[in-house]
Structures are given as C-alpha cells and as structure tokens.
Amino acid sequence: MITVTLPDGSTRHLQSPQSGADFAADIAKSLAKKALAVKINGELRDLSTLIESACAVEIVTADSAEAVELIRHDAAHVMAEAVQELFPGTQATIGPVIENGFFYDFARDEPFHEADLEKIEARMKKIVDRNEPITREIWDRTQAISYFEKIGEKYKAEIISDLPADEPVSIYRQGDWLDLCRGPHLPSTGKLGKAFKLTKLAGAYWRGDSKNAMLQRIYGTAWVTDKDLKAHLHMLEEAEKRDHRRLGREMDLFHMQEEAQGMVFWHDKGWTLWRMLENYIRERIRAAGYTEVRTPILIDRKLWEQSGHWEKFREHMFTSETENDIFALKPMNCPAHVQIFKQGIKSYRDLPLRMAEFGCCHRNEPSGALHGLMRVRSMTQDDAHIFCEENQITQETISFIELLQSVYADLGFNEVKVMFADRPDMRMGSDAVWDRAEGALKTAVEAAGLDYELSPGEGAFYGPKLEFHLRDAIGRDWQCGTLQVDFGTPGRLGASYVGEDGARHAPVMLHRAILGSLERFLGILIENYSGKFPLWLAPIQVVVATITSDADEYAKSVAEDLKAKGLRVETDLRNEKINYKIREHSVAKVPNMMVVGKREAEEDTVCLRRLGVKDQQFLSLSDAANLLQGEARAPTGQLSKGE
RNA sequence: GCCGCCGUAGCUCAGUGGUAGAGCGCGCCCUUGGUAAGGGCGAGGCCGAAAGUUCAAUUCUUUCCGGCGGCACCA
C-alpha cells in the first residue's frame, strides 16, 4: 500500500506503483487530460514517472506556475527537431530555458538566415499537430556515446562523456527524433501549444568559451497562452520606445558618431541632466564624509607597472607617447588616489579617509561590446576610494550600502540585484590575501544584511567585489554600483600610515561607486523614467506657451521671473495653435507648461498644465513659481530613509 | 574580437540595372486660434566608403567602415 498526499492535504492509497498519468486519471478524467507533468515531493518529473513509495504528489497543469518552464523546454526540443528535419546534417548541442523563452545552439556549416526562422516556426507547428509522444529512456553511457557519434552528433557525444559518472544518461524520444536531456518533458508535442515565436538569430561560442567554435543560436519565446505571447511581444515594443539611444535623439540629449566611437557628445539638455545628477551625488557624498579630488587623465606607464595595471589590464588601456615615455589614459582612478594619499604622513587618526573623484576614465573596449551609453570607451565614474584599517571594513561597507540604497531610492530604483564576485583567474596577490579579502567582504555584506548571489571568478584583478545591477528597458542587467576590497594596491604603491602602535602599516582600500559610470547610469535612468524625469532632473522644467502673440511680452517676463528663481524655462511664442504647442511639448516630455493668453497677462496669472494631466490650474504667477521651485529641489536622501 | 542582419533626406521608412520617393520635421506665406497635430508653397540626398562586373551600378559581386541583435569581454 502506497500513501500519496495531495496538495490539499488529502491522501490517496495505491495498491501498486502507478504512473503520474494514471494517478491523475484516477482522480478525474478531466485532470488527466490537462496534466502536463507531476511534482513528486516538490520535484518536477515526467507524467510517466512511477509513483512507487509514499510521497506528496501534485499534478502540474497549464494553470501551474511550472507549466511555462515545461513549455519553453519543449519548445526548444521541438525547434531542434524542426531544424534537423529542415536542415539535415545540422548538429544540435544545448537548448536551455531562459527568462521569457528558450534557445538552442546548432552547429552547421551554412549560416541560418532570418527567413529560415519562419520556416522553422511553421515546421514546429506541424510537429505540434503531429502530437508526437515524448518518452524517456535510460541508455548505457558507452552505447549512447557511440550512437551519437555514429549519427554525427559529436557535441552530444561530448556532453555525455562529460556527465558525472553517477548521472544516468536519459534520452528523450519524440516521435522518431532523439535528444539527450535531463528532462522533465511534456507527455507529447501536442501539449506544447502554439504560443511561441522565434525571435532572433545569434552566434554563441560552444561552452561559452571564445577559444571554441562558434555555434548558431536561435532564440525563441514561448508562453502557455496566445494572450501571454501577445502581451510579451507588446511589452517588447513598448520597451523599445524607452530605449535610451532613441530617447537621447528624440529628446536632444546626446549623440554619438563614428569618429569618436564609444564616446558621447552631450547636448545642452543631456548635459543639464548630467550636471543635476552629478551635483546631487556630490551633495550626498559630502554629507557622508567624503572629500573630493581631481587627478590627471594621462599618466606615465611606470605608475601602471607598479599598480599592476600594465600587466593585468594592458589590453584595455589607450596609450600615448612623448619623446621618451609611454603614457596611458587612466582606465581607473585608484593609483592616482593613492598618490594623493601618499602626500604627507598619515596617521590612523586620519582613517577612514574617503576620497572621491568624478574621474574620467578610458578603456579600450572591444568594438562588439559598445552599446549606446551603457558601454562606452570614455566614462566618468562617481568613484571613491576609502582608505581604512582592516577592522573598519565592515562599518564602511555598511555605511556605503546604506548610502547606495538611499541614492537608488531617490532615483526611482527599487529592484537591485547584488552579486558577490570572488577571485578571478587573472589576479594579483597571494591566495592567503584573497582569503582575507573575500572573508572581510563576506562578513561585511552579511553584517549589512544584504541578499546576494555568488558570481564566481568575476572579481577585479586586485580584489573581490560586490556588484549592484540595475535593469534596462528590455530586461538586460547592467552593473552600476560596486564595492571592492583591495589589500594589495596601497602597499604595492608604497602607501602607509602610522598605526596606534607607532609602526607603519599599509591601509586597506575600498574601491566603490554608486552610479558606476555616469554615462551608463544616465542610460539606465533615461529608460527607467522613459524620459519623463522628475522635476529636479528635467532638462526643461517649464515651457511658457502663448495663446496668441498678444501675450508674447508677458510670456517673456514670466520666463524671466522663473529663471530668476532658478528654474529651467523656455518660451514658445511660435505662430502655432495652443493645441499644437501642447502636443509638441507633451511628446517632448516637458513636465510643466504655463499657458498664457490675454487674460493671464491682464491678471498676472498663469495657467499651469502638468505633463499627462488634462486639468489645469489657474494660479498667480508668484504662487506658481513658488510651487515649482519647491518641487524642483533635489532629494537629500531624508525621505527615502524613512520608507 | 566572433556570428547573423542592416546602412537611401534631420527622423521613420518605400523603391529601381538607365543617377530617387512618402510621412514627420525644417523654411516662407496665410491664419491670432484657450489645452495632444489649421492650411498652402518650398528647400533638402555623392542612396555608408572603395574596388570589380556592365554600354550603364543606389540596385549585382568583393573588401572595408559603421550600426543593430547576440556571444565573448566588462562600469
């Protein structure tokens, strides 16, 4: 007798082992029809899995949260079957589920073309119509390897030979088509449905290593219902409208051109945004006890040799020559900050010393990595280095994380992904020092109570780091903030302080940035607000627009008045109807319009219209100016702290 | 850097082996209109660059440059 517990707490008793499918059928015929898989003791399994001993069982249907995962996984397999039917000789490699969809990597001499996607999609739908049963088989490892080798699937054979010895080799049979897969899968291809779409074609290295062959990757998206698919596609269209490169052009914020690849030409409006953000951060770090410095951009190679950059970061550095020497454009500010620290004798009483710089750094990024403001070759970091004693690391980390969270909240970011990146292969310093640095950072981040994910091998060459990731409009994550623990650089560059014990010690250095690079952060910020910036950041805060030319003089005086109060104002005196002006400035995302006509001019009032709000307010000019002036103040972190 | 796609007016895009078109924007004129597009006229292009095929190339081929989507690399 086998006792099975159902999700509602009830139990059923089986006389003998039974498959998940039969088990579902015993409960209700309708359930059997809807069943896609089973969950046994919380583990997702094929519907054919035998229930052999007492356990908790849940029948997974299209309504279950897991359904979409199964569907995406099967979509990948059905796509691979379709591809191999249409393009014989193509090898299938791996095809996992990803956020919102799936992909499969293929090896084929001929390239796939965009037009092939439609054909493949059509064939996938045929395979769904065929409703091929999907069954699981366990094969002998050697047999499996020789089978895949025989049919020319050398990548599959390689995967099997690399599987851990104790892992069974499970093969899924889908009609006449076979694939190595861990599973689980749907009971048949018909259950997949047709709410999928192939979206893009891309190259991808075998096993993610650029030394390996490049495969052809086909991406797709798949959903439980057609409605979900449509919603997702619509969301992507909307996201495209928020793309910072598009808004940058439409809103006249910045441009880029090929003569200065990866570098930004900031226009007046974009640069206003920049200044507002920079001033805000400057004020926040001043209040948090930082000093601010400015260091050279072009520095002799000798210093980079000492710091280790010449050895570990050389390929990313731009260089320049004089008669005798090679100079490099700084890719980081840290060595320069150590030079300032080294001026005069420092005591432990000077620590922690928090040295900030809006440092302009250049890195020779690979051309394929460049991406609008998000990945540039010339960037300005809101950088700072905290020189401290080892026992101050935890407190400094906690303070930094508090500051960072408060800043992110002020700027409208609530979802932040935190990664802990430990020692990379290419690194400086002994393992013992890395042990200490990683340990110190781990202690500190845990003391700060931060949830984080591990990112193995992704640390900086001089120390482990915390990465704070923000998400762009179409769901790509970008590292913005960071905190890095460095036990090596100060000592390497000869920095020391006199400790309480009277002896000289090398300080620990925390490299940290909140925004990361101003370029990238502004890119993210533009997308996050869809260009509808809060008043304090908006490049144009008010447009004073006239109804008829009778009000031109009054409009000019209103604008002067607002300017005198520190607001960023433009007038619109053009010979256009008010409807036209309103539409144009609304599309341009100007947060406030003041409409003035004869009446306002006579009464010294304005008619205030907020972006996206149909109603208007009639206010005296001074009330309106005071109102906007109050709203236009930059946040100070006080509000976000209480929330 | 690697793979695929793309490059025509300021922007979004049509188009053709016989040197080009639309909408929006821009300029001028008419219109002075009270909350998301009033009307008319006009200017604007070395069809990314170079080479090749051809009587003839923006169109076909090759190479290069740049952009886009990924991969790899990274703030």
Side-chain angles (χ1 to χ4, degrees), chain A residues 103 105 111-117 199-219 243 245-246 249-250 252 255-259 261 313 315-316 331-332 361 363-377 379-383 421 424 426 458 460 465 467-470 474 476 478-482 484 511 513-521 523-524 545-552 574-588 593-600 607-616 618:
Chain A
F103 67 75
D105 284 349
F112 288 116
H113 297 286
E114 222 108 285
D116 295 330
L117 296 186
T199 50
K200 49 194 172 190
L201 211 48
Y205 296 108
W206 166 238
R207 297 202 151 159
D209 187 334
S210 57
K211 289 196 271 299
N212 291 339
M214 180 155 276
L215 307 171
Q216 299 187 66
R217 176 172 295 179
I218 302 178
Y219 283 93
D243 188 308
R245 292 164 299 184
R246 177 178 174 150
R249 186 176 54 239
E250 287 175 358
D252 194 20
H255 87 270
M256 300 174 94
Q257 62 188 50
E258 59 181 277
E259 290 83 353
Q261 238 188 78
F313 211 72
E315 75 216 71
H316 298 287
M332 299 182 192
C361 295
R363 295 183 189 173
N364 194 357
E365 301 291 347
S367 60
L370 301 178
H371 181 92
L373 296 177
M374 303 301 197
R375 192 79 180 270
V376 293
R377 286 187 174 149
M379 60 169 161
T380 304
Q381 298 175 314
D382 67 321
D383 202 7
M426 174 97 113
E458 297 296 319
K465 65 176 175 177
E467 302 177 351
F468 298 86
H469 292 250
L470 297 175
I474 50 177
R476 291 180 289 208
W478 297 92
Q479 183 190 322
C480 290
T482 184
Q484 304 160 6
H511 307 239
I514 297 174
L515 309 180
S517 92
L518 271 93
E519 285 84 356
R520 173 177 292 181
F521 197 88
I524 296 260
T546 49
I547 305 269
T548 68
S549 53
D550 294 339
D552 283 2
R574 289 175 306 170
N575 176 16
E576 297 290 351
K577 291 193 173 167
I578 195 65
N579 280 347
Y580 183 90
K581 295 184 185 180
I582 298 228
R583 178 183 155 77
E584 196 172 88
H585 297 118
S586 299
V587 168
M593 288 192 69
M594 286 184 184
V595 174
V596 297
K598 251 188 223 163
R599 205 190 317 162
E600 288 80 4
C607 181
L608 182 64
R609 187 191 205 276
R610 310 295 195 132
L611 180 60
V613 179
K614 279 232 176 317
D615 295 336
Q616 314 124 45
F618 280 93

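Each chain gets a letter, A, B and so on, in the order the sequences are listed, and its residues count up from 1.
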### Query
If you check every side-chain atom of A:Arg249, which of B:U32, B:U12, B:G4 has the closest atom?
B:U12
### Summary
When A:Glu519 and A:Gly597 are each assigned the nearest nucleotide of RNA chain B, the 5'-most assignment goes to A:Gly597
Under 3.5 Å, which N/O atoms of the protein pair with N/O atoms of nucleotides 68-72 of chain B?
from, atom 1, to, atom 2, distance (Å)
B:C68, OP1, A:Arg245, NH1, 3.1
B:G69, OP1, A:Arg245, NH1, 3.4
B:G69, OP1, A:Arg245, NH2, 2.8
B:G69, OP2, A:Arg245, NH1, 3.2
B:G69, OP2, A:His371, ND1, 3.3
B:G70, OP1, A:Arg476, NH1, 3.4
B:G70, OP2, A:Arg476, NH1, 2.8
B:G70, O3', A:Tyr219, OH, 3.1
B:G70, O2', A:Tyr219, OH, 3.1
B:G70, N2, A:Gly203, O, 3.4
B:C71, O4', A:Gly203, O, 3.0
B:C71, O2', A:Tyr205, N, 3.0
B:C71, N4, A:Gly368, O, 3.4
B:A72, O2', A:Ser210, OG, 3.3

### Message
Could you write out RNA chain B as dot-bracket? Rules: Watson-Crick or G-U wobble, both distances under 3.5 Å, brackets [ ] for crossings, | for pairs with another strand, dot for unpaired.
### Response
(((((((..((((....[..)))).(((((.......))))).....(((((..]....))))))))))))....
### Query
When the P atoms of B:G52 and B:A9 are considered, how many whole Å apart are they?
26 Å
Below 3.5 Å between N/O atoms, which protein atoms pair up with nucleotides 36-42 of chain B? Just atom names and distances, please.
from, atom 1, to, atom 2, distance (Å)
B:A36, OP2, A:Arg609, NH2, 3.4
B:A36, OP2, A:Lys614, NZ, 3.4
B:A36, O4', A:Arg583, N, 3.4
B:A37, N7, A:Arg583, NE, 3.0
B:A37, N7, A:Arg583, NH2, 3.3
B:A37, N6, A:Arg583, NH2, 2.4

#### Entry: Between B:C5 (C1') and A:Gln216 (CD): distance, integer Å
13 Å
### Query
What integer number of Å spans the C1' atoms of B:C68 and B:C60?
25 Å
### Message
For A:Asp550, give me all partners under salt bridge (charged side-chain N to carboxylate O under 4.0 Å, His left out), at least two apart in sequence or on another chain.
### Response
A:Lys598
### Message
Using only atom types and a distance under 3.5 Å, with no angle test, would you say the side chain of A:Thr199 pairs donor to acceptor with the backbone of A:Tyr219?
### Response
yes
### Message
Among residues at least two apart in sequence or on other chains, which ones pass side-chain hydrogen bond (donor to acceptor under 3.5 Å, both in side chains) with A:Glu365?
### Response
A:Arg375
### Task
Please list, chain by chain and in numerical order, all residues satisfying ring-ring contact (aromatic ring centres under 6.0 Å, His included) with A:Phe313, sequence neighbours excluded.
A:His316
### Message
Can you list everything that forms a salt bridge (charged side-chain N to carboxylate O under 4.0 Å, His left out) with A:Glu114? Sequence neighbours excluded, please.
### Response
none
### Message
Work out how far the C1' atom of B:G48 is from that of B:C65, and round it to whole angstrom.
### Response
8 Å
### Message
According to side-chain hydrogen bond (donor to acceptor under 3.5 Å, both in side chains), who are the partners of A:Thr482, at least two apart in sequence or on a separate chain?
### Response
A:Gln484
### Message
List the residues meeting salt bridge (charged side-chain N to carboxylate O under 4.0 Å, His left out) with A:Asp105, not counting sequence neighbours, and say none if there are none.
### Response
A:Arg217
### Message
If you compare every side-chain N and O of A:His113 against the phosphate oxygens of B:C5 (OP1, OP2), does one of them come in below 4.0 Å?
### Response
yes
### Summary
Residue set satisfying side-chain hydrogen bond (donor to acceptor under 3.5 Å, both in side chains) with A:Asp382, at least two apart, ordered chain then number -> none
### Task
Mark yes or no for a side-chain to base donor-acceptor pair under 3.5 Å between A:Glu365 and B:A75, with no hydrogen or angle criteria applied.
yes
## Note on the structure
Residue set satisfying side-chain hydrogen bond (donor to acceptor under 3.5 Å, both in side chains) with A:Arg476, at least two apart, ordered chain then number -> A:His371, A:Asp472
### Task
Taking salt bridge (charged side-chain N to carboxylate O under 4.0 Å, His left out) as the test, write out the residues that go with A:Arg377, two or more places apart.
none
### Message
Suppose you measure atom P in B:C64 against the same atom in B:G69; what distance do you get, rounded to whole Å?
### Response
23 Å
### Message
So A:Met593, base contact, sugar-phosphate only, or nothing? Heavy-atom distance under 4.0 Å.
### Response
nothing
### Side-chain donor/acceptor of A:Glu600 to base of B:G34, under 3.5 Å
yes
